[in-house]
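I have placed the structure first, in the form of structure tokens, so that the comments after it can refer back to it.
Remember, it's a predicted structure, so these values are computed and weren't measured experimentally. Letters go in sequence order (proteins before strands), and every chain restarts at 1.
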Number of protein chains: 2
Amino acid sequence: MITVSIVEDDKDICQSLAMLINSTLQFKCTHTYNDCTSGIAGVIKDPPDVVLMDIGLPDMSGIEGIKKIKEKLPEMDIIVLTVHENDEYVFDALCAGACGYLVKDTPTARILDAIKDVADGGAPMSTQIARMVVHSFQKKTHTLLTQRETEVLQQLCTGKSYKMIADILFISEETVRRHLKSIYKKLEVHSKSEAVAKALKEKLV
Amino acid sequence: MITVSIVEDDKDICQSLAMLINSTLQFKCTHTYNDCTSGIAGVIKDPPDVVLMDIGLPDMSGIEGIKKIKEKLPEMDIIVLTVHENDEYVFDALCAGACGYLVKDTPTARILDAIKDVADGGAPMSTQIARMVVHSFQKKTHTLLTQRETEVLQQLCTGKSYKMIADILFISEETVRRHLKSIYKKLEVHSKSEAVAKALKEKLV
DNA sequence: TTTTAAATTACCCATTCGGGTTACTATCGA
DNA sequence: TCGATAGTAACCCGAATGGGTAATTTAAAA
């Protein structure tokens, strides 16, 4: 028997979900919470196997709620259920510790599947969400930098000094410096750390 | 009708997959390739809607194959089918441009679902793979750095200079320097760019 | 209450870095 | 053949960085 808690401010939706879950033999909705604060406290006090969590809550963002729950219970499985379909909340939620992300028009059967899925160690996501997640891994194709500049930037991203990069690429330190000047101009940055930050955040290397 | 090409060196598996696909009304296996080189050439010459690709190929890694195909056809949907279950190839494959990742013991029905899924803009993955992917977003919980050090490191990761960080955190440049020394020692690094690289790669901030 | 840890500021000094200018060579496409 | 681009190399100089040592205050923990 898998126990489920729901954090959702819309009481109709909350009740429907609870009924849906309780209509099964394998799942049981043990608690429902209508705001984030009580949801966090309740989940920590009486942990279920799985939490269904809304993002758009009145008192506090569900994202913050996820963080707070995961601080106390790092292993808790939390599925986000939201009306925000294809937005920036996806990555915020996953970074905060959500292990699934469903949009609210998900068919009820799929919601039950998702609960089963997380309990089995999966990470259920809506179709488009999954693609967004996978796309986020893919490197940008940039014709911006030349071949050699890209190599220098790669070395930079391991924290190397000019001298070390020069030794690795078998060129003089001055040439490294020259490439860096060009890289800085193209990336519109003014220091090594800024270049590294930009390269890693935008997956240029 | 969704067309599928298969790149797989084991001819038995390859034939089974082709037959499976051709047994449906919605999918058609138009080509099969038994090595990566001919697979790349064939897919580029005669692009299907979806490519099923093995990773462990004799002539070239499937990862390299994915890269080469995506260079020419950035929009191509490629699903990795592999015996390597829970390994580092997952992220390599996704970074290279795969949009799905299935292990080979996946039930045949699930393979057909996956083809449909990518054609619909999804990103089908085995249960454990999905969880690995989602986990990769989650920040490390590090008791290593103090609160203030973490704040300094966050600013560092935006490429700020000592002076800028000092102004933002309302402390002197010397204090920033002091925190940095401590951060460097704890992270075992010796420069801003190295610290930024480590922080971003290991999701410390 | 005492001790510890965290946060703060200061000074010194050698090294590294960022930006400016100049120049040679090779390659590729017009 | 000529110009553009990429890669290589050098010099100058002020600013930024890293490493070492020392000291004060405050908050938390023992």
Side-chain angles (χ1 to χ4, degrees), chain A residues 67-68 71-72 139-202 204-205, chain B residues 67-68 71-72 139-202 204-205:
Chain A
K67 281 184 196 163
K68 289 186 189 298
E71 269 174 29
K72 292 289 181 181
K139 301 202 187 310
K140 296 263 169 55
T141 47
H142 53 102
T143 48
L144 191 62
L145 301 182
T146 68
Q147 172 65 32
R148 202 56 162 167
E149 284 164 2
T150 302
E151 290 173 47
V152 172
L153 185 57
Q154 280 169 353
Q155 294 300 325
L156 209 67
C157 287
T158 67
K160 303 268 194 314
S161 68
Y162 287 7
K163 169 127 193 62
M164 288 191 276
I165 297 175
D167 289 345
I168 291 168
L169 298 182
F170 301 108
I171 53 181
S172 82
E173 206 175 319
E174 281 301 326
T175 305
V176 173
R177 187 189 298 277
R178 175 70 196 77
H179 285 309
L180 260 301
K181 286 175 193 171
S182 176
I183 291 169
Y184 287 179
K185 186 159 287 186
K186 289 178 180 176
L187 297 188
E188 297 176 297
V189 298
H190 304 282
S191 70
K192 284 172 65 169
S193 58
E194 211 181 338
V196 170
K198 184 151 192 170
L200 293 179
K201 284 176 183 169
E202 303 196 2
L204 299 180
V205 293
Chain B
K67 282 184 195 164
K68 289 186 189 298
E71 270 174 28
K72 293 288 182 183
K139 302 203 187 307
K140 296 265 169 54
T141 47
H142 53 104
T143 49
L144 190 63
L145 301 183
T146 67
Q147 172 65 31
R148 202 57 162 167
E149 285 165 2
T150 302
E151 290 173 47
V152 172
L153 185 56
Q154 280 169 351
Q155 294 300 326
L156 210 68
C157 288
T158 66
K160 302 270 195 312
S161 68
Y162 287 8
K163 169 126 193 60
M164 288 191 278
I165 296 175
D167 289 346
I168 290 168
L169 298 182
F170 301 108
I171 53 180
S172 81
E173 206 175 317
E174 280 301 327
T175 306
V176 174
R177 186 191 298 279
R178 175 70 194 78
H179 285 310
L180 260 300
K181 286 174 193 171
S182 175
I183 292 170
Y184 288 178
K185 185 159 286 184
K186 289 178 180 177
L187 298 187
E188 296 175 301
V189 299
H190 304 281
S191 69
K192 282 172 66 168
S193 58
E194 209 179 342
V196 170
K198 184 150 192 171
L200 293 179
K201 284 175 183 169
E202 303 197 2
L204 299 180
V205 293

Revision key, fill the gap. Rounded to the nearest 0.5 angstrom, the CD1-OG1 distance for Ile168(B) and Thr158(B) is 6.0 Å

Can you tell me the distance, in whole Å, between the [atom1] atom of [X] and the [atom2] atom of [N]?
{"X": "Lys163(A)", "N": "dA9(D)", "atom1": "NZ", "atom2": "C1'", "result": "15 Å"}
{"X": "Leu187(A)", "N": "dG18(C)", "atom1": "CG", "atom2": "C1'", "result": "15 Å"}
{"X": "Leu169(B)", "N": "dT9(C)", "atom1": "CG", "atom2": "P", "result": "11 Å"}
{"X": "Arg148(B)", "N": "dT8(C)", "atom1": "CZ", "atom2": "C1'", "result": "9 Å"}
{"X": "Glu173(A)", "N": "dG18(C)", "atom1": "CD", "atom2": "P", "result": "12 Å"}
{"X": "Leu144(A)", "N": "dA6(D)", "atom1": "CG", "atom2": "P", "result": "11 Å"}
{"X": "Ile171(B)", "N": "dA7(C)", "atom1": "CD1", "atom2": "C1'", "result": "8 Å"}
{"X": "Leu145(B)", "N": "dA6(C)", "atom1": "CG", "atom2": "C1'", "result": "13 Å"}

Are [X] and [N] close enough that a side-chain N or O sits under 4.0 Å from OP1 or OP2?
{"X": "His179(B)", "N": "dA7(C)", "value": "no"}
{"X": "Thr146(B)", "N": "dA7(C)", "value": "yes"}
{"X": "Thr175(A)", "N": "dT8(D)", "value": "no"}

Practice item. Could I get the full list of side-chain contact (heavy atoms from CB on, under 4.5 Å) partners for Glu71(B), not counting sequence neighbours? Key: none

Check your understanding: Mind checking what makes side-chain contact (heavy atoms from CB on, under 4.5 Å) contact with Lys68(B), not counting sequence neighbours?
Key -> Ile40(B), Met60(B)

Review point. Is it true that atom NZ of Lys139(B) has more than 12 heavy atoms of other residues, nucleotides or ligands lying nearer than 6.0 Å?
Key: yes

Review point. Who pairs with Thr175(A) by side chain to side chain donor-acceptor pair (under 3.5 Å), at least two apart in sequence or on another chain?
Key: Ser172(A)

Exercise for review: Sequence neighbours left out, what passes side chain to side chain donor-acceptor pair (under 3.5 Å) with Glu151(A)? Give chain and number order.
Suggested key: Gln147(A), Arg148(A)

Check your understanding: Residues in salt bridge (charged side-chain N to carboxylate O under 4.0 Å, His left out) with Lys198(A), at least two apart?
Key -> none

Exercise for review: Return each pair, listed once, that meets salt bridge (Lys or Arg N to Asp or Glu O under 4.0 Å) where at least one residue sits in residues 157-179 of chain B; pairs must be two or more places apart or across chains.
Suggested key: Lys163(B)-Asp167(B), Glu174(B)-Arg177(B)

Practice item. Determine which pairs satisfy salt bridge (Lys or Arg N to Asp or Glu O under 4.0 Å) with at least one residue from residues 182-195 of chain A, sequence neighbours left out, and list them in order. Key: Glu149(A)-Lys186(A)

Practice item. Using a heavy-atom cut-off of under 4.0 Å over every strand shown, decide if Ser161(B) touches base, sugar-phosphate, or nothing. Key: sugar-phosphate

Point to revise | Candidates Leu187(B), Leu180(B), Val196(B), Ile165(B) - the one meeting side-chain contact (heavy atoms from CB on, under 4.5 Å) with Leu153(B) | key: Leu187(B)

Where do [X] and [Y] come nearest, in terms of heavy atoms and distance?
{"X": "Cys157(A)", "Y": "Ala197(B)", "result": "O-CB, 3.1 Å"}
{"X": "Tyr184(B)", "Y": "Ser191(B)", "result": "OH-C, 3.4 Å"}
{"X": "Leu200(A)", "Y": "Lys201(B)", "result": "CD2-CE, 4.1 Å"}

Practice item. Sugar-phosphate atoms are those with a prime plus P, OP1 and OP2; base atoms are the rest. Using that split, label each nucleotide of nucleotides 18-23 of chain D B, S or - for protein heavy atoms under 4.0 Å, 5' to 3'. Key: BBBBB-

Exercise for review: Applying side chain to side chain contact (heavy atoms under 4.5 Å, CB included), run through Val176(B) and Leu169(B) and close with a yes or a no.
Suggested key: CA-CA 9 Å; Val176(B) 174; Leu169(B) 298 182; 5.7 Å; no

Review point. When the C1' atoms of the five terminal pairs at each end define the local axes, what inter-axis angle does the helix from dT1(C)-dA30(D) to dA30(C)-dT1(D) show, to 10 degrees?
Key: 60°

Tabulate atom names and distances for all N/O pairs under 3.5 angstrom spanning the protein and nucleotides 24-27 of chain C.
none

Exercise for review: Using heavy atoms and a sub-4.0 Å distance, could you list which residues of residues 149-156 of chain A are near DNA chain D? By number, please.
Suggested key: none

